[in-house]
Structure formats: structure tokens, C-alpha cells
Participant: 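Sharing a structure below in C-alpha cells format, with a few things to ask.
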Amino acid sequence: MVVKVESKRKNVRVMIVDDHEIVRRGIAEIVDRADGLEVVAEAGSVTDAIRRAELVVPDVILIDLQLPDGTGIDIMRRLGESKPRIRPVVLTSFDDDSALSEALEAGARAYVLKTVRGAEITDVIKAVADGRVLLDERTVTRRRADHGDPTADLTPSERKVLNLIGDGLSNREIGEKLGVAEKTVKNHITSLLAKMGLQRRTQVAAWVAGQRAAAWRTQSPPSS
């Protein structure tokens with residue numbers, strides 16, 4: 001008589017990296033409750049994450065981007081060299097094209113916002129553990145194309161005017177700052193509006209403000 005022994009699939013070993021302990025523990029609880037997943041380590045900094053990941057060698061590592069002593073990008077690059085079998089998933093508050101691009105270039109298998117539901121986090125972990133990449137370089141290329149740099153064709157003088165508009169200066173104040181006539185400033189603004197595809201000065205100010213706020217490496221993550 002032949003007895004069939006069903007092989008039990010091993011749990012996916014997960015590590016969580018986030019400098020906010022409450023957030024980290026909340027994610028760990030969600031992951032531990034899911035069938036087929038187990039949390040094997042946690043860390044709140046780049047240094048601890050690298051040390052612990054090299055010790056426990058998880059299957060999947062959830063990584064926040066902003067950490068006290070560096071970024072999640074640093075972790076992925078280091079582990080990509082020392083433990084290439086670990087599959088990184090970025091779990092962050094930053095919906096930012098440059099952050100997404102850097103993460104994928106560093107080896108991230110998925111890029112997930114913290115607004116995601118708990119069940120979706122566990123689905124992503126399982127998919128990545130099975131070898132799937134949930135965002136590829138073609139996706140990044142398309143996003144870059146959709147968000148091309150509208151200032152690419154501006155002259156140096158037009159760029160100076162652009163930044164001063166972002167500082168809130170009037171045409172007269174910009175002229176005084178640059179040592180040119182107010183009419184010259186108006187000509188620069190007319191030209192840069194056409195090149196950027198904008199219609200009003202206020203749109204320029206709003207665009208500059210948005211760009212200054214988008215530097216994810218120095219920006220505080222949105223409060224949940």
C-alpha cells in the first residue's frame with residue numbers, strides 16, 4: 001500500500017523595514033495573520049536592515065524609502081550585491097516618479113503606497129515571492145514620457161525668471177534682481193509660458209512650488 005505524503009509549502013519569510021515602530025508593528029501583524037507568510041525580522045534603519053537581512057535572509061523584504069541613516073535604495077543596492085535572492089518591495093508614502101525610478105533601478109520588484117489595503121500588501125508579497133515583478137521598466141518609461149521636463153528648452157535667463165516667479169517676486173522685482181528692464185522680464189515670461197505649454201503666470205508659480213515639494217529624499221512623507 002502506497003501512502004501519499006502531501007508536501008507542505010514553506011511559509012514566505014518576510015522582513016519589514018520602517019523607522020516608525022507603530023507602522024512597522026501594524027504591517028507585521030497584517031503579514032503574520034496571512035496564510036503562507038511569516039515575519040522573520042524587523043528593522044528601523046539602514047544599518048539594522050542590512051545586518052539583520054544578511055543574518056536571516058528573508059524571501060521578501062518590505063522597505064520604506066526614508067530612514068534615519070539613509071534610504072531604502074541604499075538597502076536594496078547593498079543586498080543586491082550580498083544577498084541577491086532577497087526580493088525587495090518598496091512600501092512608501094511617496095507617489096513620486098523619481099523615487100519609483102530609483103527603486104526599480106535598485107532592484108525593487110514592486111512599488112506600493114501605504115494607502116494600500118492590508119489584503120493587497122499580502123497579495124503583493126506572495127506575487128513577488130512567486131517571482132513576479134509588479135512594475136517593469138517600460139512602466140517607468142511611460143510615466144517619464146507622461147511627465148517630461150517642460151523646462152528643457154528654456155534659456156538660462158528664462159530659468160532665472162522662472163525661479164524668481166516661484167519665489168513670489170513681481171515683474172518689477174525680478175527686473176531689479178536681474179538688472180534688466182521690466183519689459184525684458186515680460187518678454188521672458190511670454191517665451192517661457194509658450195515653451196512650457198502654460199497660459200498664466202500663476203500656473204508657473206504653481207509648477208515651481210510643485211517641483212520644489214517633489215524632492216522625495218528631503219521631503220517629509222505625507223501624514224496618514
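Computed from a prediction, not measured in an experiment: that's the story for all the values here. One is the number of the first residue; the rest follow in order along the sequence.
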Participant: When you measure from the side chain of Glu102 to the backbone N and O of Ala99, does any donor-acceptor pair fall under 3.5 Å?
Facilitator: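 A pair under 3.5 Å: no.
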
Participant: Got a sec, which residues hit side chain to side chain contact (heavy atoms under 4.5 Å, CB included) with Leu113, two or more places apart in sequence or on another chain?
Facilitator: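 Listed in chain order: Thr92, Asp95, Tyr111, Thr115.
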
Participant: Could you tell me which residues satisfy side chain to side chain donor-acceptor pair (under 3.5 Å) with Glu173, sequence neighbours excluded, listed by chain and number?
Facilitator: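 Residues passing side chain to side chain donor-acceptor pair (under 3.5 Å) with Glu173: Ser170.
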
Participant: Residues two or more places apart in sequence or in another chain: which of them pass salt bridge (Lys or Arg N to Asp or Glu O under 4.0 Å) with Arg172?
Facilitator: Glu176

Participant: What residues, two or more places apart in sequence or in another chain, satisfy side chain to side chain contact (heavy atoms under 4.5 Å, CB included) together with Lys186?
Facilitator: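 Once residues adjacent in sequence are excluded, the partners of Lys186 under the side chain to side chain contact (heavy atoms under 4.5 Å, CB included) criterion are Asn171, Glu182.
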
Participant: Taking C-beta and beyond as the side chain, do Leu62 and Val17 meet within less than 4.5 Å on heavy atoms?
Facilitator: no

Participant: Within a strict 4.5 Å, meaning less than it, do heavy atoms of the Pro58 and Val14 side chains meet?
Facilitator: no

Participant: List the atom pairs, with distances to 0.1 Å, where a side-chain N or O of residues 37-52 and a protein N or O form a donor-acceptor pair under 3.5 Å, not counting sequence neighbours.
Facilitator:
{"from": "Glu42", "atom 1": "OE1", "to": "Arg24", "atom 2": "NE", "distance (Å)": "3.1"}
{"from": "Glu42", "atom 1": "OE1", "to": "Arg25", "atom 2": "NH1", "distance (Å)": "3.4"}
{"from": "Glu42", "atom 1": "OE2", "to": "Arg25", "atom 2": "NH1", "distance (Å)": "2.0"}
{"from": "Ser45", "atom 1": "OG", "to": "Asp48", "atom 2": "N", "distance (Å)": "3.2"}
{"from": "Thr47", "atom 1": "OG1", "to": "Asp69", "atom 2": "OD2", "distance (Å)": "2.9"}
{"from": "Asp48", "atom 1": "OD1", "to": "Arg51", "atom 2": "NH2", "distance (Å)": "3.4"}
{"from": "Arg52", "atom 1": "NH1", "to": "Glu42", "atom 2": "O", "distance (Å)": "2.4"}

Participant: Does the side chain of Gln66 pick up a donor-acceptor pair with the side chain of Thr71 at under 3.5 Å?
Facilitator: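 On atom types as modelled, these side chains do not qualify, holding no pair under 3.5 Å.
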
Participant: According to side chain to side chain contact (heavy atoms under 4.5 Å, CB included), who are the partners of Ala194, at least two apart in sequence or on a separate chain?
Facilitator: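 Counting only residues at least two positions away or on another chain, Ala194 forms no side chain to side chain contact (heavy atoms under 4.5 Å, CB included).
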
Participant: Check whether any side-chain N or O of Arg159 sits under 3.5 Å from a backbone N or O of Thr151 as a donor-acceptor pair, and report yes or no.
Facilitator: yes

Participant: Going by heavy atoms in the side chains, are Asn187 and Lys183 under 4.5 Å from each other?
Facilitator: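 SC-SC contact between Asn187 and Lys183 confirmed.
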
Participant: State, to 0.1 Å, how close Met76 and Ala106 come at their nearest heavy-atom pair, and which atoms those are.
Facilitator: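 Looking at all heavy atoms of both residues, the shortest contact is CB-O, 3.7 Å.
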
Participant: Could you pull out all residues at least two apart from Arg117 that satisfy side chain to side chain contact (heavy atoms under 4.5 Å, CB included)?
Facilitator: Glu120

Participant: Go through the structure and list residues passing side chain to side chain donor-acceptor pair (under 3.5 Å) with Lys114, not counting sequence neighbours.
Facilitator: Asp18, Asp64

Participant: Do Arg109 and Val90 come within less than 4.5 Å of each other through their side chains, counting heavy atoms only?
Facilitator: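 They are not in contact (no side-chain heavy atoms under 4.5 Å apart), so the answer is no.
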
Participant: Please determine whether residues Ile30 and Ile16 belong to a single hydrophobic cluster, defined as Ile, Leu, Val, Met, Phe, Trp and Tyr linked transitively by side-chain heavy-atom distances below 4.5 Å.
Facilitator: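 No; tracing contacts between hydrophobic side chains, which count when under 4.5 Å, never links both residues.
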
Participant: How far apart are the C-alpha atoms of Val60 and Val12, what are their side-chain angles, what is the distance that settles it, and do they pass the side chain to side chain contact (heavy atoms under 4.5 Å, CB included) test?
Facilitator: CA-CA 7 Å; Val60 176; Val12 175; 4.1 Å; yes

Participant: Tell me the closest heavy-atom pair linking Gly107 and Pro88, and the distance in Å.
Facilitator: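 Reported closest heavy-atom pair: O-CD, 3.5 Å.
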
Participant: Could you measure the distance from the CG atom of Leu193 to the CD atom of Glu158? Nearest 0.5 Å is fine.
Facilitator: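 Leu193 CG to Glu158 CD: 10.0 Å, rounded to 0.5 Å.
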
Participant: State whether the number of non-hydrogen atoms from other residues, nucleotides or ligands found under 6.0 Å of Ile22 atom CD1 is greater than 12.
Facilitator: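 Atom CD1 in Ile22 is not packed in, count stays at 12 or less.
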
Participant: Tell me the closest heavy-atom pair linking Pro150 and Met196, and the distance in Å.
Facilitator: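 Scanning both residues, the minimum pair turns out to be O-CG, 3.5 Å.
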
Participant: Would you say the side chain of Leu67 lies within less than 4.5 Å of the side chain of Ile75, judging by non-hydrogen atoms?
Facilitator: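 Answer yes - side chains close enough.
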
Participant: State plainly whether one hydrophobic cluster holds both Val116 and Ile125, where clusters connect Ile, Leu, Val, Met, Phe, Trp and Tyr through side-chain heavy atoms under 4.5 angstrom apart.
Facilitator: yes

Participant: Side chain to side chain contact (heavy atoms under 4.5 Å, CB included) for Ile86 and Met15? Distances and angles first, verdict last.
Facilitator: CA-CA 10 Å; Ile86 299 176; Met15 179 173 172; over 6 Å; no

Participant: Taking atom CG of Leu79 and atom CG of Asp74, what is their separation to the nearest 0.5 Å?
Facilitator: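 Interatomic distance, Leu79 CG to Asp74 CG, rounded to 0.5 Å: 10.5 Å.
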
Participant: Just wondering, do Ile165 and Leu169 contact through their side chains at under 4.5 Å, heavy atoms?
Facilitator: no

Participant: Do Ile63 and Val89 have side chains that approach each other closer than 4.5 Å (heavy atoms only, starting at C-beta)?
Facilitator: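 Ile63 vs Val89: side chains apart.
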
Participant: I need the full list of salt bridge (charged side-chain N to carboxylate O under 4.0 Å, His left out) pairs touching residues 78-90, with sequence neighbours left out, sorted by first then second residue.
Facilitator: Glu54-Arg78

Participant: Step by step, would you call Val124 with Leu134 a side chain to side chain contact (heavy atoms under 4.5 Å, CB included)?
Facilitator: CA-CA 8 Å; Val124 168; Leu134 302 188; 3.7 Å; yes

Participant: Could you give the distance from NZ (Lys126) to CG (Asp130), rounded to the nearest 0.5 Å?
Facilitator: 9.5 Å

Participant: Less than 4.5 Å apart, side chain to side chain, heavy atoms only: is that true for Leu164 and Asp167?
Facilitator: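 The answer is yes; the side chains approach within 4.5 Å.
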
Participant: Give, for atom OG of Ser82 and atom CZ of Arg77, the distance between the pair rounded to the nearest 0.5 Å.
Facilitator: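 Those atoms lie 14.5 Å apart.
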
